[in-house]
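All figures in this text were calculated on a predicted structure; none of them were measured in a lab. Numbers here simply count residues along the sequence, with the first being 1.
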Amino acid sequence: MVSNLEYQSPIGKSDHCVVRFDFNCFTVLKHRGRSRKLYHKGDFTSLNKEMKDIDWRELLAIDSEDFDINTCWSKFHSKIKELEEKYIPTSQPKGNKKDRKYPVDKKALEMIRKKHALARKATRTGKDKDRQEYNRHRNKVKHHMRKLQRNFECDLASKAKGNPKAIWNYINSKSKTRIRIGDLKINPSDPKSEKTDKDGEKAEILASFFSSVFTQEPDGPLPEFQDREIKEAMENLYITLEDIDKILKKLKVDKSPGMDKIHPRFLKETMSTICVPLQLIFNCSLQIQEIPEEWKKAQISAIYKKGDKSQAGNYRPVSLTSTVCKVMESIVREHIIKHMKNNDLFSDKQYGFISGRSTTLQLLEVLDKWTEAIDKGYEIDCVYMDYQKAFDTVPHKRLLQKMKAYGVIGPIHGWVKSFLSDRRQVVMVNGENSSWKDVTSGIPQGSVLGPLLFVLFINDLPNTVKSDTYLFADDTKIFKIITTPEDSNTLQEDLNTLNTWSDNWLLRFHPEKCKVMYIGKKSDREPQYYLKDTVLQQAEDEKDIGVIIDRNLSFDKHISEKVNKANSMFALLRRTFRYMDCKTFVPLYKTLVRTHLDFASSVWAPYKQKHIEQIEAVQRRATKQLPGMKELSYPERLRKLKLPTLSYRRIRGDMIEVFKILTGKYDKDASHCLKLWKDMAVRSSERGHNMKLYLQRAKSQIRRNTFAIRTVQTWNGLPDSVVSATTLNTFKNRLDKYWSNQNIMYDDFKAKIVGGNVTDINIKEDDESSIEVPEGAWSGNQL
């Protein structure tokens, strides 16, 4: 509720400083509601029956000699809207109806009306009998309303995993603040500029800023980009009814429609019949390599990132585009990805928006290299690169040139060119629109095809340097293991190379936001690195695709942040849900609280007792606040709620990551941290399964507790019936069944799982020395 906190000088002779802050309150404006389509009450049976009888080929004039894609789309769009008016009811705008936070049934409304009547009667007569009758009925109404709210919250919680949006709507309905775009400076470049609170002016300021960052490609020849070796030429794409049906089944019906106002729920409910006209439109669009003009229009929502909320530059534009266009984008995207994978054209260092790769896998690979270097006594110099408005500044001509070099040619190339060209966008703020702006560069954020196009544009970047470079979309880090003084010079040369690459391809870096971090033991060696004659700022820690990495790889700050976030989320749920019982708590906790402590836990899994207890305290405190749980011990509470300890969750998460790496659920070209016995040409025991891991040697505590080493004996001890599972869900079920009798699943004590058995380990807090473990147990210290 409070932001922009400032401490100012005391007034007069006072020794108390003046505190200045903005209080984020909101007012409820009196206005009539808007009419909207009630798709959940639509007669889709009759609608589908009528659509089935339409001759779409004739209606859309597909075989006409003067066929035009815009005319074709206009006829389709008009017919859809005509059917909507006929079969989809419309809600009538109402006056200032009380905004109820939970639904009220007819019985409750009748009881409320009777309560008001009894209140008027008691006030008019003043008799004690009438007052007592009113009191009795008032209590009945209160009891019934509480029952409705309890049932509503319980039902909402039970659907938390499948529909978290409903949870957040309920939370926001009880919030005393509204997170919206605040007052913006009229001139973003002037620090002393006046601010405006008018929505129309704010929309225009944002639209002007978003347009100002677009790249203007200079005239003249494009930079040289060598054609890649293509083993299998790209096949011509013909879109089938099955392709469209597959995408429509996955549509989320709670999403907003684009500028064409065709709702995702309408498409999903009519997918048995609407696939026919969509197939005609999509294939014609591919054949003539053009898309309708309405697909090129986008409504921009400004999403706040960080910094001063009055600065337009601290907002990110997210495009709301046509849902029908997104369906076709999905099909084109899969076709391009198939071509790139068939020819091994994706860089092994790119982990973003490619199936079989993830943030966790990239961090595991990077940390494996870093801890191995630290174990040998080396240091690592890592530079985190930052682009200036990366997605908005991609130059279209250069992107299309690279796509052609990767073998993306023919109708697909022409279709993508039409998709990117002549686009327009409008910014909306609280119902007020800005003027239309032309989009001359960049990729629409919020589109389906956009992320893949960006990956293609920077796919060659790691090949231009000698140092290790890892990408996750536009998140780029480059590092060098320092073994000799010349290695620092090599990293600086690579930064110069990246600067040249940036100038050639017009994707600019932001030198002031690029940071360097020296990882490993502290030493006097801290060289300065430059980018465009700017000295890079040194960082003690940096947020790396969701995980805070510090120079000692201790993850102190990351664990503290995640614990605070989880505690804050549980407190928010406690304030929102009035009737928080065990049945309501479990799904809410799993969906909104525990996920913060589970994300990438294989990367930052703690081995110090203070961190383990700090994390477990979140669940211990949350379960204790439930009704009837205060007197029970922590293990008893967990057994009653069927919630395993967070320590067990991390061990289980490790095994899941190992399974995904070894069985090809992850891309094998991008995962190298684990080594099998059979691949190391080392004879292993004949007992157990044939997917045993090789235990690498380690000296330092950090290396011994890294993922590639701490998981070895736990994995090797699993039976063949578990590791031979064919699917990920089967593996999870078999693993949980195999470990179901382990005390660590519910008991909070110093123990670990080794081959299905619990082994006690004595640990001293903050002990960085070697840890003695029982003979035959794994040398790690995962709890």
Side-chain angles (χ1 to χ4, degrees), residues 360-361 364-365 367-368 371-372 375 601-603 605-607 644-645 647-666 668 671-745 750-761 763 770-783:
T360 300
L361 182 61
L364 290 177
E365 291 292 314
L367 284 177
D368 186 62
T371 54
E372 186 179 9
D375 203 52
S601 61
S602 296
V603 176
Y607 59 90
T645 63
S647 301
Y648 174 84
R649 291 279 301 175
R650 291 193 294 275
I651 298 172
R652 179 179 181 268
D654 282 348
M655 295 302 100
I656 292 172
E657 292 298 324
V658 173
F659 177 80
K660 290 161 73 174
I661 292 174
L662 296 184
T663 57
K665 300 297 185 291
Y666 278 139
K668 292 184 178 180
S671 53
H672 311 284
C673 60
L674 298 179
K675 296 177 174 59
L676 291 170
W677 273 96
K678 58 184 179 181
D679 295 339
M680 299 298 293
V682 179
R683 184 180 177 183
S684 64
S685 173
E686 295 180 358
R687 295 171 125 188
H689 52 83
N690 62 350
M691 296 177 64
K692 285 188 174 182
L693 295 174
Y694 175 74
L695 181 59
Q696 306 170 54
R697 292 182 177 273
K699 299 177 183 177
S700 63
Q701 184 80 330
I702 293 177
R703 179 62 177 168
R704 280 198 301 272
N705 288 280
T706 194
F707 172 80
I709 295 181
R710 71 168 184 265
T711 57
V712 173
Q713 283 205 322
T714 309
W715 172 264
N716 289 348
L718 295 177
D720 185 68
S721 59
V722 175
V723 301
S724 61
T726 55
T727 65
L728 183 59
N729 285 333
T730 303
F731 173 78
K732 291 178 181 179
N733 293 333
R734 291 181 182 179
L735 183 67
D736 289 335
K737 185 177 180 181
Y738 179 67
W739 279 347
S740 60
N741 62 340
Q742 297 300 324
N743 290 329
I744 193 176
M745 195 166 189
K750 302 171 185 178
K752 64 180 286 293
I753 294 177
V754 177
N757 299 318
V758 176
T759 305
D760 291 325
I761 296 180
I763 305 168
S770 301
I771 293 180
E772 295 183 1
V773 297
E775 184 179 356
W778 160 48
S779 60
N781 185 12
Q782 172 67 30
L783 300 186

*Say whether, by atom type as modelled, one donor and one acceptor occur between the side chain of Ser700 and the main chain of Arg703 under 3.5 angstrom.*
yes
*Just wondering, do Phe707 and Ile661 contact through their side chains at under 4.5 Å, heavy atoms?*
yes
*Find the distance between CG (Asp375) and CD (Gln696) and round it off to the nearest 0.5 Å.*
10.0 Å
*Grab the two heavy atoms, one from Met691 and one from Leu662, that are nearest each other, plus how far apart they are.*
CE-CB, 3.6 Å
*Sub-4.5 Å side-chain heavy-atom contact between Leu728 and Thr663*: no
*Sort and list the pairs that fulfil salt bridge (charged side-chain N to carboxylate O under 4.0 Å, His left out) and have at least one residue in residues 721-741, not counting sequence neighbours.*
Arg652-Asp736
*Locate the shortest heavy-atom distance separating Cys673 from Ala708; write the atom from each residue and the value.*
O-CB, 3.4 Å
_Regarding Arg649 and Asp654, does a basic nitrogen lie under 4.0 Å from an acidic carboxylate oxygen?_
no
*To the nearest 0.5 Å, how far apart are CG in Asn690 and CG in Leu676?*
9.0 Å
*With no hydrogens and no angle check, is any side-chain donor or acceptor of Trp715 less than 3.5 Å from a backbone partner on Val723?*
no
*Can you name the closest pair of heavy atoms from Lys692 and Asn716 and give their distance?*
CA-OD1, 3.2 Å
*Can you name the nearest heavy-atom pair linking Trp677 to Leu693, along with the distance?*
NE1-O, 2.6 Å
*Mind listing the closest non-hydrogen atom pair of Met655 and Leu735 along with its distance?*
CB-CD2, 3.9 Å
*Hey, could you give me the CZ/OG1 distance between Phe659 and Thr727, rounded to the nearest 0.5 Å?*
7.0 Å
*Considering all heavy atoms of both residues, which atom of Val722 and which atom of Tyr738 are nearest to each other, and what is their separation?*
CG2-CB, 4.1 Å
*May I ask you to decide if Lys699's main-chain N or O and Arg704's side chain share a donor-acceptor pair within less than 3.5 Å?*
yes
_Gap between atom CD of Glu657 and atom CG of Leu674 - 0.5 Å precision_ = 10.0 Å
_Taking the side chain as everything from C-beta on, heavy atoms only, tell me whether Lys660 gets closer than 4.5 Å to Ser671._
no
